[in-house]
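One structure below.
In what follows, chains are A, B, ... by sequence order, proteins preceding strands, each numbered from 1.
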Protein chains: 2
Amino acid sequence: MTDGERLLDAVLRLTTALQRDMETGLAAVGLTPARAHLVGVLVTSGPQPQQALARQLEVTPRNVTGLVDALERDGFVTREPQPTDRRASIVTLTARGREVADGLVAGRRELGGQLARVLPAGRVAALADDVAALADEVERLAGGAR
Amino acid sequence: MTDGERLLDAVLRLTTALQRDMETGLAAVGLTPARAHLVGVLVTSGPQPQQALARQLEVTPRNVTGLVDALERDGFVTREPQPTDRRASIVTLTARGREVADGLVAGRRELGGQLARVLPAGRVAALADDVAALADEVERLAGGAR
DNA sequence: CCACAACGTGAAGCATCTTCACGGTTGGTA
DNA sequence: TACCAACCGTGAAGATGCTTCACGTTGTGG
């Protein structure tokens, strides 16, 4: 097995483990990955109409409707009417939604710290750069085929 | 942002890109990730009853039924009766299934090569080790909470 | 021979996600 | 100013992946 394949294997394993880890954490606060993603966008970009959310999440507007339905049902967000355009409604985090979102950010920070502690301090930054380079390449590969 | 968070960000980005890349490649040959996973198990472990597949895929036997239904419908596998146990049927790759599976293996090898070429040759092996260490840690974290 | 275990699947349900169609709104243009 | 095309959100229908529960069929140890 070449080093490249070993690398790919390791990345795939990390991917799986990370995904599992995040999903269980999300489930603990009552969120699914897709809904958490939407909450994340609300945190970083503020209250928005569903169209804008659909663009940022790269899914269809119809799908956003369903995600917001669930988040609204569970009390994480509300749909506020937009006075300037009665077609659109603004999706806004509730207090509880903001709480949970803050928890997610904290969890992410903590996980970053735990990962950094696995390796010698000096190597973490370089590793981040290398992994970023890999990500760039893969994005390039996928984009080039577009 | 700490190095740990930068690393986590890079890994998450790589994860997303890699997943997209693989999904499009899979779709091109008529497979979904879950069905490809099942095909992969058949390649490495040979023809098996659905129970064994369920164990290796870490999903419920009921789910395997659906995956095999689809793969059988599309001509990638067949269900052969097992003479020694009439309850079970053995899931086996068809010629076409084996072809497609070989293609997947080749694609994986190629992707590994492409990733290796992104970085200086000397660093790939070390990177693979580091990423593997991260994967170990994340698996440990998830396992510890079990 | 019989109770219990194992194999696969029907039924029902949840989460993502898609496409298509439609109804209400806006906004710019004839 | 009337009008129509573009736009917002959502109903309907469907594909995929997963789960649990219930069942019928088959194997097997006592």
Side-chain angles (χ1 to χ4, degrees), chain A residues 15-16 19-20 22-42 47-74 76-92, chain B residues 15-16 19-20 22-42 47-74 76-92:
Chain A
T15 285
T16 307
Q19 194 167 323
R20 239 204 267 281
M22 291 195 308
E23 271 180 44
T24 57
L26 255 29
V29 296
L31 282 177
T32 61
R35 296 172 197 173
H37 192 178
L38 196 155
V39 168
V41 170
L42 285 179
Q48 290 166 76
Q50 295 183 191
Q51 288 292 331
L53 290 172
R55 277 190 294 273
Q56 292 193 59
L57 297 173
E58 293 181 71
V59 297
T60 59
R62 184 61 184 86
N63 190 19
V64 174
T65 298
L67 296 177
V68 172
D69 281 350
L71 287 170
E72 191 173 36
R73 166 174 54 73
D74 293 347
F76 294 115
V77 306
T78 56
R79 276 188 247 242
E80 308 290 342
Q82 183 173 56
T84 68
D85 186 341
R86 273 184 300 174
R87 290 170 304 181
S89 55
I90 308 282
V91 181
T92 308
Chain B
T15 285
T16 307
Q19 194 166 323
R20 240 203 267 282
M22 293 196 306
E23 271 179 44
T24 57
L26 254 29
V29 298
L31 282 177
T32 61
R35 303 197 306 220
H37 192 179
L38 196 154
V39 167
V41 170
L42 286 179
Q48 291 166 76
Q50 296 183 188
Q51 289 292 330
L53 289 172
R55 276 190 295 272
Q56 292 192 59
L57 296 173
E58 293 181 74
V59 297
T60 58
R62 184 59 185 87
N63 190 20
V64 174
T65 298
L67 296 177
V68 172
D69 282 349
L71 287 170
E72 192 173 37
R73 167 174 52 73
D74 294 345
F76 295 114
V77 307
T78 56
R79 276 186 247 241
E80 307 291 340
Q82 184 173 59
T84 67
D85 187 343
R86 274 184 300 174
R87 290 170 303 181
S89 55
I90 308 283
V91 180
T92 309

Just checking [X]: base, sugar-phosphate only, or nothing, at a heavy-atom cut-off of under 4.0 Å?
X: N63(A); result: base
X: R86(B); result: sugar-phosphate
X: D85(A); result: sugar-phosphate

Could you state the atom-to-atom distance from [atom1] of [X] to [atom2] of [N] in whole Å?
X: L57(B); N: dG8(C); atom1: CG; atom2: C1'; value: 16 Å
X: L67(A); N: dA15(C); atom1: CG; atom2: P; value: 10 Å
X: L71(B); N: dT16(D); atom1: CG; atom2: P; value: 11 Å
X: R55(A); N: dC7(D); atom1: CZ; atom2: P; value: 10 Å
X: L26(A); N: dC14(C); atom1: CG; atom2: C1'; value: 16 Å
X: D69(B); N: dT9(C); atom1: CG; atom2: P; value: 6 Å
X: D74(A); N: dA15(C); atom1: CG; atom2: P; value: 8 Å
X: Q82(A); N: dC7(D); atom1: CD; atom2: P; value: 16 Å

Worksheet, complete the sentence: Whichever of I90(B) and V59(A) has the more 5' nearest nucleotide on DNA chain C, that residue is I90(B)

Which heavy-atom pair separates [X] from [Y] by the least distance, and what is that distance?
X: F76(B); Y: V29(B); result: CZ-O, 3.7 Å
X: I90(A); Y: P47(A); result: CG2-CB, 3.6 Å
X: P33(B); Y: L26(B); result: CA-CD2, 3.7 Å
X: T60(B); Y: A54(B); result: C-CB, 4.0 Å
X: L42(B); Y: V91(B); result: CD2-O, 3.6 Å
X: P81(A); Y: P83(A); result: O-CD, 3.7 Å

Measure the shortest side-chain to side-chain distance between [X] and [Y] over non-hydrogen atoms and say whether it is less than 4.5 angstrom.
X: Q50(B); Y: P61(B); result: no
X: Q19(A); Y: Q19(B); result: yes
X: D74(B); Y: R35(B); result: yes

Selected nucleotide, minimal atom distance to [X] side chain, candidates [options]:
X: A88(B); options: dT19(D), dC17(C), dC7(C); answer: dC7(C)
X: S89(B); options: dT26(C), dT18(C), dG8(C); answer: dG8(C)
X: T32(A); options: dT26(C), dT16(C), dG27(D); answer: dT16(C)
X: R79(B); options: dA15(C), dT9(C), dT25(C); answer: dT9(C)
X: R35(A); options: dG8(C), dT16(C), dT19(C); answer: dT16(C)
X: T60(A); options: dG27(D), dG8(C), dT19(C); answer: dT19(C)
X: P33(A); options: dT25(C), dT9(C), dT16(C); answer: dT16(C)

Discussion item. Which is more 5' along DNA chain D, the nucleotide nearest R73(B) or the one nearest P61(B)? Just name the residue.
Written reply: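 Residue closer to the 5' terminus by nearest nucleotide: R73(B).
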
Item to complete: I would like to know whether T78(A) and T92(A) meet side chain to side chain donor-acceptor pair (under 3.5 Å); could you show each step before the answer?
Response: CA-CA 5 Å; T78(A) 56; T92(A) 308; 4.7 Å; no

Worksheet item: Under the 3.5 Å rule, do the base of dG8(C) and the side chain of R62(B) count as making a donor-acceptor pair?
Response: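 Side chain to base: no pair present.
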
Extract from the structure each pairing of a protein N or O with an N or O of nucleotides 2-6 of chain C at less than 3.5 Å, listing the distance.
{"residue": "dA6(C)", "atom": "N3", "partner": "R87(B)", "partner atom": "NH1", "Å": "2.7"}

Worksheet entry | More than 12 heavy atoms from other groups under 6.0 Å of CZ on R79(B) |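 Result for CZ/R79(B): enclosed.
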
Practice prompt. For dT9(C), take OP1 and OP2 only and decide whether either is under 4.0 Å from a side-chain N or O of Q50(B).
Written response: yes

Worksheet item: Between the axis at one end of the helix from dC1(C)-dG30(D) to dA30(C)-dT1(D) and the axis at the other (five pairs apiece), what's the angle to 10 degrees?
Response: 10°

